[in-house]
There are 2 protein chains.
Amino acid sequence: MPNPPGAPSVTPSPTPSTPSTTPSTGAGRRREDVLDALGHRIVAGDLPPGTVLTLEGVDATYGVSRSVSREAVQVLGAMGLVTSRRRVGITVSERAAWNVFDPRLIRWRLDGAERDAQLRSLSELRAGFEPAAAALAAQRATAEQAARMASAVSDMTVHARARDLDAYLAADQVFHTTMLAASGNEMYAALADVVGEVLAGRTHHHLMPADPNPDAIEWHAEVARAVRRGEPAAAEDAMRRIITEAQEAQQTLAEQAGPGDR
Amino acid sequence: MPNPPGAPSVTPSPTPSTPSTTPSTGAGRRREDVLDALGHRIVAGDLPPGTVLTLEGVDATYGVSRSVSREAVQVLGAMGLVTSRRRVGITVSERAAWNVFDPRLIRWRLDGAERDAQLRSLSELRAGFEPAAAALAAQRATAEQAARMASAVSDMTVHARARDLDAYLAADQVFHTTMLAASGNEMYAALADVVGEVLAGRTHHHLMPADPNPDAIEWHAEVARAVRRGEPAAAEDAMRRIITEAQEAQQTLAEQAGPGDR
DNA sequence: CTCCTCGCAAAGATCAGATTTATTCGCGTA
DNA sequence: TACGCGAATAAATCTGATCTTTGCGAGGAG
């Protein structure tokens with residue numbers, strides 16, 4: 001009986017629950033909206049691990065059909081944020097099960113209260129792998145990549161002199177992104193966004209001196225030179241110095257700003 | 001030719017491509033099946049970047065309903081493997097857009113022809129971050145974690161003496177997994193599976209001497225000691241030696257096995 | 001002949017309802 | 001107390017319809 005005889009399908013309420021919260025979206029973005037909303041809530045701890053939802057609850061909450069909530073939950077499942085079982089519902093997973101390298105998850109955490117903790121994690125991660133990536137880049141960079149790195153250093157010098165921190169940041173990001181791409185390892189290359197976030201976070205949190213340390217710029221230049229000449233050890237050393245300097249400068253400024261800064 | 005025009009939905013073959021791999025499951029795994037199948041095909045290059053599919057084609061190919069294929073495509077999209085646009089269809093993305101840290105993607109690549117390349121990538125990655133993780137572990141490991149690492153080293157010694165490579169591998173994995181967890185950084189911890197795969201790949205590819213190098217074991221012990229005593233520099237150095245040794249042993253054995261080994 | 005606008009159609013996005021299937025939980029029986 | 005058995009529940013799947021974009025071509029203006 002796929003055809004209900006007497007019921008003429010009145011289409012009760014076309015816009016039931018989206019009176020004010022959907023002003024600008026308006027387009028076919030429902031799934032993305034639900035996904036973002038659920039992701040943010042889980043990451044923020046609003047839905048702590050162990051919380052159980054039901055699909056019915058989700059689509060009631062967000063006023064969407066089951067297809068939409070289902071697909072959103074599906075993606076959350078793929079990121080390890082939830083698991084769903086029959087007769088139980090959708091359970092928020094322990095943090096250990098999360099795919100912490102998923103760019104979307106990283107963005108959610110950077111958006112929320114976890115921002116500082118996430119930046120610390122990313123920063124530590126970067127400290128670990130970037131020297132190694134520099135060494136690889138020195139062995140594998142193309143001439144174009146080496147040139148682009150040198151050019152980025154040049155930009156950094158100019159913008160530092162002008163005290164234009166935003167432009168400096170942009171050049172810095174180009175430098176690191178190019179270096180990671182030049183490493184020839186797709187996985188290092190994929191971490192470019194991570195490094196970009198760390199650099200951006202440092203600048204926007206004012207954990208960066210108004211006058212960028214000339215030594216730091218010189219070390220960037222050293223990395224670029226080492227990459228061009230194909231000297232892995234030199235590139236790795238200089239990159240390590242860059243990171244050490246960044247950590248120390250950051251710590252100094254954090255202490256100056258206030259010990260109880262949180 | 002993903003578009004057979006004249007063939008409507010006749011429900012062609014109930015066992016299209018997974019006749020043997022789903023013997024016990026047999027239930028509620030259609031989406032996972034389609035996802036795996038598509039993922040493998042994309043990763044294997046059977047569906048190269050730029051290929052355009054349609055949802056209709058997908059569910060016709062795998063004999064499932066739109067919901068299922070839709071959700072599978074959704075997850076693929078979340079991993080960056082495909083993008084879908086109206087009026088166009090589902091386009092396989094360039095490799096640069098892939099989330100190469102997604103465990104599922106890593107598994108697909110390890111399953112296919114990319115296995116060696118993927119192992120090389122992972123190996124380089126590991127070489128980069130594991131010394132840094134060891135240094136962090138030396139600062140943050142709990143007594144239990146340090147003890148577990150020491151215990152794993154002890155197991156490694158025993159199994160090496162017995163020339164039981166599988167048991168040796170298991171102990172090795174416990175050692176590294178514990179160390180990464182002890183680093184206190186969730187992102188390093190999340191890479192435990194990656195390291196596990198690298199170690200397993202080395203063993204199963206016979207890139208590991210039948211008699212594990214006693215020096216390597218001693219360096220593991222050194223890491224464990226340094227972690228227990230809280231000596232980051234010592235832990236980092238020893239870990240770096242472990243990795244260097246592994247790379248050299250691997251290269252030596254690969255050359256012995258055959259220079260043209262691919 | 002070129003360029004721009006408008007409309008059609010293709011394909012995903014969303015919705016709504018039904019059906020299937022696997023679990024869990026409670027209850028009755030041995 | 002233990003062991004099944006059945007009912008209820010919630011996800012998984014299927015189905016068919018409708019909505020919304022958007023690529024592309026037809027047709028008109030310059």
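Computed over heavy atoms, backbone and side chain alike; hydrogens, waters and symmetry mates excluded. Computed from a prediction, not measured in an experiment: that's the story for all the values here.
Closest approach to the B:Ser67 side chain among D:dT13, D:dG23, D:dT15 is made by D:dT15 (side chain taken as heavy atoms from C-beta onward). Side chain of A:Arg85, nearest nucleotide from D:dT13, D:dT22, C:dT23: C:dT23. Distances were taken from every side-chain heavy atom of A:Ser65 (C-beta onward) to each of C:dT14, C:dT24, D:dT13; the shortest belongs to C:dT14. For B:Arg87, the side-chain atoms get nearest to D:dC24 when compared with the rest of D:dC14, D:dC24, C:dT14.
B:Glu71 has its CD atom 15 Å from the C1' atom of C:dG12, to the nearest Å. We find that CD of B:Glu56 is positioned 13 Å from C1' of D:dG16, with the value rounded to whole Å. Separating the CG atom of A:Leu35 from the C1' atom of C:dT14 is a distance of 16 Å, rounded to the nearest angstrom. As rounded to whole Å, 13 Å separates atom C1' of C:dT14 from atom CG of B:Leu55. Atom CZ of B:Arg30 is separated from atom P of D:dT13 by 7 Å (rounded to the nearest Å). Rounded to whole angstrom, the span from the CG atom of A:Asp33 across to the P atom of C:dA13 amounts to 14 Å. In this structure, A:Glu32 places its CD atom 16 Å from C1' of D:dT21, rounding to the nearest Å. Note: CD1 (B:Ile90) to P (D:dT21) measures 19 Å, nearest angstrom.
The side chain of B:Ser84 contributes an N or O atom lying less than 4.0 Å from OP1 or OP2 of C:dA13.
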- Task: For salt bridge (Lys or Arg N to Asp or Glu O under 4.0 Å), just list the numbers for B:Arg104 and B:Glu32, CA-CA rounded to whole Å, side-chain angles, deciding distance to a tenth of an Å, and then say yes or no.
- Result: CA-CA 11 Å; B:Arg104 216 182 305 234; B:Glu32 205 69 22; 2.7 Å; yes
- Task: Please lay out, stage by stage, how B:Glu186 and A:Trp98 fare under the test side chain to side chain contact (heavy atoms under 4.5 Å, CB included).
- Result: CA-CA 9 Å; B:Glu186 54 197 346; A:Trp98 297 2; over 6 Å; no
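Backbone-only engagement by A:Thr54 is indicated by non-hydrogen atom pairs under 4.0 Å involving sugar-phosphate atoms exclusively.
Each of A:Val88, A:Val73, A:Thr91 was compared with A:Thr83 under the side chain to side chain contact (heavy atoms under 4.5 Å, CB included) criterion, and only A:Thr91 meets it.
In this pair, B:Phe101 and A:Phe101 present their aromatic rings parallel. The plane angle is below 30°, not in the 30 to 60° band.
Counting atom types as modelled, A:Arg70 pairs no side-chain N or O with a base atom of D:dA11 as donor and acceptor under 3.5 Å. Under 3.5 Å, the side chain of B:Arg66 and the base of D:dG16 form at least one donor-acceptor pair of N or O atoms. Judged by atom type and distance alone, A:Arg86 does not reach the base of C:dT23 through any side-chain donor-acceptor pair under 3.5 Å.
At a threshold of 4.0 Å, the pair B:Arg109-B:Glu197 does not count as salt-bridged, since none of the basic side-chain nitrogens sits closer than that to a carboxylate oxygen.
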